Amino acid sequence: MTAMTQSIVIQVGQCGNQIGCRFWDLCLHEHAFYNEKGIYDDAVSSFFRNTDHACDIPTKIGTNQIKNLKARAILVDMEEGVINELLDGDLGEIFDNKQLITDVSGSGNNWATGNKEYGTRYKEKILDQVRKAAELCDCLQCFFVLHSMGGGTGSGLGTAILSLLADEFPDVYRFVIPVYPSGDDDVITSPYNSVLATNELTEHADCVLPINNQSLINMCAKIQQALPQKKFSKSAGGSVSSGSKRIGSDKPFDQMNNIVANVMLNMTSSARFEGSLNVDLNEIAMNLVPYPKLHYLVSSISPLYVSKDVGLYARRLDQAFNDLFSKDHQLMVSDPQRSLYLACALMVRGKNVQVSDVRHNISRLSSNLCFVNWNHEGWKTGLCNIPPVGQQYSLLALANNTCIRHAFTDLRTRFSKLYSRKAHLHHYEKVDGFDRNLFSESLSSLDNIVAQYEELEHKSGSGTPQCLPRIKVL
Amino acid sequence: MACVTVQLGQCGTQLGHHLLSILHDDAKHSSSIVSSNANEEYTNASLSTFFQEAESGQHEARSVMIDMEAKAVNFALQGTSGKGWSYPKEGQFCQKSGSGNNWSYGYKVHAPQCREPIMDMVQHEVEKCDHFGGFLVLSSLAGGTGSGLGSYITGSLRDAFPHASILNPVVCPYTEGEVAVQSYNALLSLAHTCDTADASILLHNDHVHRICEKLLGIKHVSFNDVNGVVAKQLASLLQPVTFSSDGNLSMNFRNVLNEIVYTSACHGQYTMLDLKSIPHVAQASVAYSTFSWDSLIKRIYQMMITDFYMDEGLDWHRKLSVSSSYNTGRHPRYVSNLVVMRGKQALAPPESENPDFQNPVLYPAWIPASARCPIWKINRPFEKIEKSVALLSNGTSCVKPLDDVVSKAWQMYGARAYLHQYTKNGMEEDDFVNAFVSIENVISSYKQL
């Protein structure tokens, strides 16, 4: 009987496609590792379709051999460089030509160009591709949209696509993984692009997992520090971010992007493999979003690197849980322990990790974490039996935490620095379809979210007593 | 008397699987403590209740498994290979996408769509029974399918089979989070099933977890372990018991489900049951353990009067005061209790000071003495354990767990948290308020005992 659901990945712009590339590489690797017989089963079908070489007729999920896998992906970029490189590489075969939508001139780091100009021009073509990909799914559950926030294509066209998905497929969950620029980003207009795009994410996404480049850089530095210098030393562990066989990838952003790819893999592991406590993507959206617009989830992953010292398993597992909540492991620069948790999902992958290990650690860590007073036990836990390749276990936390407001406030400050001088506004205003009010609207939206998070901190901090009297019955 | 097991959602499926395994294996095992006749009669009675002998000679569970996504069901189906029993071919209903831990999605969206095929499956299974005795509906409270879809289906079962007994063991999640919205889901489920099921047995993950740790010595408790213990407790309640109290070999077996409902849950609004059982012995230690009825009875009695779920860490200092005829709040109060003794010489245990299970201090005056605490017995032991005893209580044990659920759900409701997730599927705030009122009423009734 058919079982699992499928997801479609839509990668937009240079950053989105580079992350996407790492994701597909690791995903393929994972399924190849666990699917020894090469059967096209439910797990593989969640992200791939199986086709015959000669014609593009997809084969049914079941007991057929894997012939030719195609990723359930749509690749969009307004410049050809990155996508071409992708197609030339090892992964080229898993992408169908028809799944690519490219142009040549780029978006000039201009959200308005990406969103309004290209958004309009390519709307039909994109919708067409998405519809086709959706038809090839037995039961489409979720879209993953990957893009950066600071540029023009990912940020502008990416959010235009998000809006299209919301209209055309209202019942399919939309998870967005946007990469926010660091403070020292060299694109001057990145604050504009980020704020304009954030507004769209607030309106149209179900869940957003914001990532910050600086965090990824820090995490990679940490990995480098922890591992011995020699690449092929026997006692070395491996950077889990790159998978056991790919120590020291040489492309510059690869190691960083691998971390993000691992988040995606972990998040979807329950949907792809079995476990004693399955967590589906719709459950994540349900448990972590108590108020519709507050759907920004800070993600953290642990461990970052694997030590070959297997004897330290138990202690290491506890340590991995500790690390998960430390600020060094957050993919968005933030310190959730200092702020208020609205809810937190804990997704654990591993053969030997049992519910008691998870419970014991939640108990232990809870005392250091502040949960909102109406959700003291606001945990959502998941256990998947299958660990990532080359690891014994992997932990992912997705936290709806008020610390995100600090990131937004920083963004707002950078935005205001430009906006107060009306710097570069004309680039945006000259784009057809762009309304100058969008700036103030987007800013309002951002302020509103920050205010909501702040209010929760003041009114519903975990120490705040409950004052609502119960219903009295006779 | 045949009983159809309805396994709802991942928990219901997994727990049901363990339960059926244990029922089957216990039934098949031959005990040296009773005659081969007695063994055979026990085996037949048990197997015919929960299984049906197919033409091939294999036993097929009288079960319907329902889940909105198929992983757990598939796992259960695979889990019967080489076990001597299997699931009926057409007895599983799955959809492609789960309920997202959303009670309203399970109840308002999935359930109406799936109702017909599910009820057809149930009807088919019921028709296979020569003498249909009722439903055992297994689900958890925390999720979306077992709780939401489950509540709807329990209602449909009640509508379609108004005179059947419906016993609803439900799993209460760990207090410290499995699911963030578990309090809402639990509240809504209990509010619905307290009207439709004859009785619910509240099973607590927290308690069972402690039993696994403390009594079974399991260091890394898994859901497998927890399900194993819960299933064992349920099986020790549901396996055959005799009518006769004189050791007569030709026994008639009770229709367990009907009898349980009639004994424990025949008083209107009092439908929340609690299950305790002893001993819990690790497999490896069974051969070395000795049991005495004296010790077991005293322990289960102390568990009853202190309302504690294990026989370790019991407060032995607590005794019942002789002459209080009203609730001093210092000890639990019951509408009914049911003691089930299984094992060597159960029907005629050696004389000893037997505690007074019918002590009037524990019961309100309007319960007649004879109805307070029936004791069922059978010489044939359960699961190779020489002597064991189960206690099914209908009383104030449910107050604290219900109170916790309401309290948390109410705070969440007050903050209007997660409401949009429920209302977007067609629920209204009134539905929540009604659920609160229902359960507050249940709590209040029990408190007034």
Side-chain angles (χ1 to χ4, degrees), chain A residues 1-5 42 138-139 141 173 270-271 273-292 342-346 352-357 359-360 362-363 366 372-381 383 456 459-460 466-468 470-474, chain B residues 10 14 69-75 92 94-102 105 143-144 174-183 205 209 212-213 218-226 403 406-408 410-421 424 433 436-437 440-441 443-445:
Chain A
M1 83 193 62
T2 50
M4 295 188 193
T5 55
D42 285 326
D138 217 357
C139 178
Q141 186 177 60
Y173 286 91
S270 226
F273 301 114
E274 95 254 341
S276 57
L277 195 53
N278 300 326
V279 172
D280 228 343
L281 294 163
N282 51 7
E283 293 171 16
I284 294 176
M286 170 67 172
N287 284 284
L288 297 182
V289 184
Y291 303 105
L342 302 187
C344 188
L346 194 53
N352 294 319
V353 187
Q354 301 297 355
V355 61
S356 56
D357 299 312
R359 307 201 39 68
H360 153 69
I362 287 182
S363 252
S366 280
V372 75
N373 66 5
W374 43 258
N375 213 2
H376 277 302
E377 288 94 26
W379 293 93
K380 169 64 185 164
T381 48
L383 282 169
L456 282 164
K459 286 216 184 128
S460 317
Q466 328 261 28
C467 49
L468 205 58
R470 294 256 294 266
I471 296 178
K472 280 204 167 50
V473 296
L474 294 165
Chain B
Q10 177 176 19
Q14 285 171 188
E69 52 107 23
K71 289 196 288 292
V73 171
N74 284 343
F75 205 63
Q92 297 82 44
C94 293
Q95 291 287 78
K96 294 176 187 164
S97 179
S99 307
N101 285 165
N102 191 327
Y105 199 80
Y174 289 102
T175 324
E176 221 167 47
E178 287 173 36
V179 172
V181 292
Q182 59 190 43
S183 304
N205 270 350
H209 192 104
C212 288
E213 278 181 337
I218 302 174
K219 289 224 177 71
H220 295 280
V221 176
S222 66
F223 271 121
N224 216 27
D225 300 319
V226 172
D403 205 57
V406 171
S407 168
K408 288 184 192 142
W410 185 246
Q411 295 308 325
M412 234 184 233
Y413 185 71
R416 308 189 65 68
Y418 298 103
L419 287 183
H420 71 285
Q421 306 269 19
K424 75 182 180 196
V433 175
F436 280 114
V437 170
E440 293 277 21
N441 270 323
I443 295 174
S444 173
S445 307

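Numbered from 1 within each chain, the chains take letters A, B, ... in sequence-line order. No experiment lies behind these values; they were computed from the predicted model shown.
Salt-bridge formation is detected for the pair B:Asp403/A:Arg470: a Lys NZ or Arg NE/NH1/NH2 atom is positioned less than 4.0 Å from an Asp or Glu carboxylate oxygen.
There is no contact between B:Asn205 and chain A, counting heavy-atom distances below 4.5 Å. Residue B:Glu440 touches chain A through both its backbone and its side chain, counting heavy-atom pairs closer than 4.5 Å. For B:Ile443, the part lying near chain A is the side chain, with the backbone staying farther off; criterion is any non-hydrogen pair under 4.5 Å. Of the two parts of A:Ala285, only the backbone, made up of N, CA, C and O, holds a non-hydrogen atom closer than 4.5 Å to a non-hydrogen atom of chain B. Looking at B:Gln14, only its side chain comes within 4.5 Å of chain A, counting heavy atoms on both sides. Using a 4.5 Å cut-off between heavy atoms, B:Ser407 contacts chain A through both its backbone and its side chain. Proximity to chain B involves both the backbone and the side chain of A:Leu277, based on heavy atoms less than 4.5 angstrom apart. Both the backbone and the side chain of A:Asn278 come within less than 4.5 Å of a heavy atom of chain B.
The shortest distance between side-chain heavy atoms of A:Leu281 and A:Tyr173 does not fall below 4.5 Å.
The two atoms that bring A:Cys139 and B:Ser97 nearest to each other are SG-CB, 3.9 Å, heavy atoms only. The minimum heavy-atom distance between A:Leu383 and A:Gln354, with the atom names listed, is CD1-C, 4.0 Å. In plain terms, the two heavy atoms of B:Trp410 and A:Ile471 that are nearest each other are CH2-CG1, 3.6 Å.
The side-chain contact (heavy atoms from CB on, under 4.5 Å) test with B:His220 singles out one residue from A:Val355, A:Val353, A:Asn352, A:Asp357, and that residue is A:Asp357.
Highest contact tally toward chain B, considering only A:Ser363, A:Gly275, A:Ser276, A:Pro292, is held by A:Pro292 [criterion: heavy-atom pairs under 4.5 Å]. For the options B:Lys424, B:Met412, B:Gln421, B:His420, heavy-atom pairs under 4.5 Å to chain A are most numerous at B:His420. The candidate with the highest count of non-hydrogen atom pairs below 4.5 Å against chain A, out of B:Val433, B:Val181, B:Leu419, is B:Val181.
Judged purely by distance below 3.5 Å, without hydrogens or angles, the side chains of B:Ser222 and B:Asp225 pair a donor atom with an acceptor atom. Side chains of A:Asn282 and B:Tyr105: no donor on one and acceptor on the other come within 3.5 Å.
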